[in-house]
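So the structure is just underneath, and the comments pick up after that.
These numbers come from a predicted model, not from an experiment. Worth knowing before you read on, the calculation uses all heavy atoms, side chains too, and leaves out hydrogens, waters and symmetry mates.
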There are 2 protein chains.
Amino acid sequence: MNLPTARQRATWQSSAVVEALTKCHGFVSAQDLHTRVVAGGTHIGLSTVYRVLRDLEATGSVDVVQAGGGGRLFRPRPADGHRHYLICRRCGHSRPVDSQAVEEWAERVTADCDFAAVEHTVELTGVCSGCQSRPDSTG
Amino acid sequence: MNLPTARQRATWQSSAVVEALTKCHGFVSAQDLHTRVVAGGTHIGLSTVYRVLRDLEATGSVDVVQAGGGGRLFRPRPADGHRHYLICRRCGHSRPVDSQAVEEWAERVTADCDFAAVEHTVELTGVCSGCQSRPDSTG
DNA sequence: TTGATTGCAAACGGTTTGCATTTAC
DNA sequence: GTAAATGCAAACCGTTTGCAATCAA
């Protein structure tokens, strides 16, 4: 990610958030991200993390999914534009899945109905192989 | 819906919530539902609405989707067990869509990967024909 | 009688915002 | 110099919960 944000001025805070986000192997919450940046030794405000994430979302630089507890999870959007993921419920690791079939289905439904501007959300969750052989610790 | 809740005692409050929910043509928020019940002339606590909805969810009597603003929306689950909907972003009207293709796709992905206990969430949103010919008033 | 259910109000968790200060340009 | 970005704390919003009062069985 080369900072294609809506921001007009580059700051180290914004870079730190993007960098931490990029290093994550899965989806992270804004608060987790904040914790990681702070744990890295840099003092940054939680609001700033939220604001950077909001800007990244606005420019389509991140994919967002709903967390179970009502929050939202973020992850950098792959260059090839994949938009659907298989996410581990325990460790958060995720990987894009081939969703062409779903895209086609969504287009078919859109064509069949009299709704306009149809958008779709598809999320797959499971327990990855690593977590299967590991005692449940994430809840 | 015949009150297949987890509750052990029948109260008019629970019935009122279920009835109001059944009358809704689309997904509603807990607060909307509360407003509707109260508007019907009966005094009921907001917490009670939430509790009844939670019990209905626990017994699989309602389908739940995430609202844009972070809240959740409820609607009685059809008898035939449909689970995916096309929802109008403006008026909340919804209708189940034929999602067999998606179910098959989800099963295929599950089989292809090393994830266990894979679950999927699919939501379609759009603007229904009625709302297309109507000025936007829902936001 | 008795414990499930209710209602209120306060707590909660994640997110957003107002505003003075700092900072990039 | 000037406006964008930051940080703090308070506000916000939907939801949950503690607890005394109520009510169905």
Side-chain angles (χ1 to χ4, degrees), chain A residues 2-21 27-59 61-62 64-75 92 138-139, chain B residues 3-21 24 27-59 61-62 64-75 92 138-139:
Chain A
N2 294 23
L3 280 181
T5 76
R7 355 208 89 205
Q8 306 177 357
R9 297 184 184 178
T11 63
W12 63 262
Q13 286 97 330
S14 158
S15 305
V17 170
V18 171
E19 188 184 347
L21 185 60
F27 283 88
V28 264
S29 68
Q31 313 215 109
D32 274 357
L33 203 52
H34 175 245
T35 302
R36 288 177 194 231
V37 174
V38 170
T42 45
H43 197 354
I44 188 177
L46 180 56
S47 339
T48 301
V49 174
Y50 275 108
R51 283 192 270 240
V52 171
L53 285 173
R54 179 209 287 166
D55 292 347
L56 290 176
E57 182 182 5
T59 58
S61 304
V62 291
V64 189
V65 299
Q66 286 294 138
R72 285 146 41 99
L73 304 177
F74 305 82
R75 115 170 214 163
T138 305
Chain B
L3 279 182
T5 78
R7 355 210 89 206
Q8 306 177 355
R9 297 185 184 177
T11 62
W12 64 263
Q13 285 97 332
S14 158
S15 306
V17 171
V18 171
E19 187 183 347
L21 185 59
C24 291
F27 283 88
V28 263
S29 68
Q31 315 214 109
D32 275 355
L33 203 52
H34 175 246
T35 302
R36 288 177 195 231
V37 175
V38 170
T42 46
H43 196 355
I44 188 177
L46 179 56
S47 338
T48 300
V49 174
Y50 275 108
R51 284 193 269 242
V52 171
L53 286 173
R54 179 210 286 168
D55 292 346
L56 291 176
E57 183 181 5
T59 58
S61 305
V62 291
V64 188
V65 300
Q66 286 294 142
R72 286 146 42 98
L73 304 177
F74 306 82
R75 108 166 223 166
T138 305

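- Counting heavy atoms from C-beta on, the side chains of Leu21(A) and Leu56(A) come closer than 4.5 Å.
- Atom CG of Leu53(B) and atom P of dT16(D) are 10 Å apart (whole Å).
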Q. What does nucleotides 13-22 of chain C look like as a protein-contact string, B for base, S for sugar-phosphate only, - for none, at under 4.0 angstrom between heavy atoms?
A. -SBBBB----
Throw together a table of side-chain donor-acceptor distances under 3.5 angstrom for residues 27-44 of chain B, partners on residues two or more places apart or in other chains.
unit_1   : atom_1 : unit_2   : atom_2 : d
Ser29(B) : OG     : Asp32(B) : N      : 3.0
His34(B) : NE2    : Ile44(B) : O      : 2.8
Thr35(B) : OG1    : Gln31(B) : O      : 2.9
Thr42(B) : OG1    : Val37(B) : O      : 3.0

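- A heavy-atom distance below 4.5 Å is not found between the side chains of Thr48(B) and Thr11(B).
- Taken over five-pair windows at either terminus, the axes of the helix from dT1(C)-dA25(D) to dC25(C)-dG1(D) are inclined to one another by 30° (rounded to 10 degrees).
- Evaluation of the side-chain hydrogen bond (donor to acceptor under 3.5 Å, both in side chains) test over residues 64-75 of chain B, restricted to residues two or more places apart or in two chains, returns Glu57(B)-Arg72(B), Arg75(B)-Ser94(B).
- Spacing between atom CG of Leu33(B) and atom P of dT15(D) amounts to 11 Å, rounded to whole angstrom units.
- Qualifying side-chain contact (heavy atoms from CB on, under 4.5 Å) partners for Ser47(A), counting only residues two or more places apart in sequence or in other chains: Arg51(A).
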Q. In B/S/- notation, 5' to 3', how is nucleotides 20-25 of chain D contacted by protein heavy atoms closer than 4.0 Å?
A. ----BS
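- As a whole-Å value, the separation of Gln13(A) CD from dC8(D) P is 11 Å.
- Between Ser14(B) and Val52(B), the shortest heavy-atom distance links the atoms CA-CG2, 4.0 Å.
- Listed nucleotides: dA5(D), dC8(C), dT6(C). Nearest to the side chain of His43(B): dC8(C).
- Side-chain contact between Val64(B) and Leu53(B) is absent, with no heavy-atom pair separated by less than 4.5 Å.
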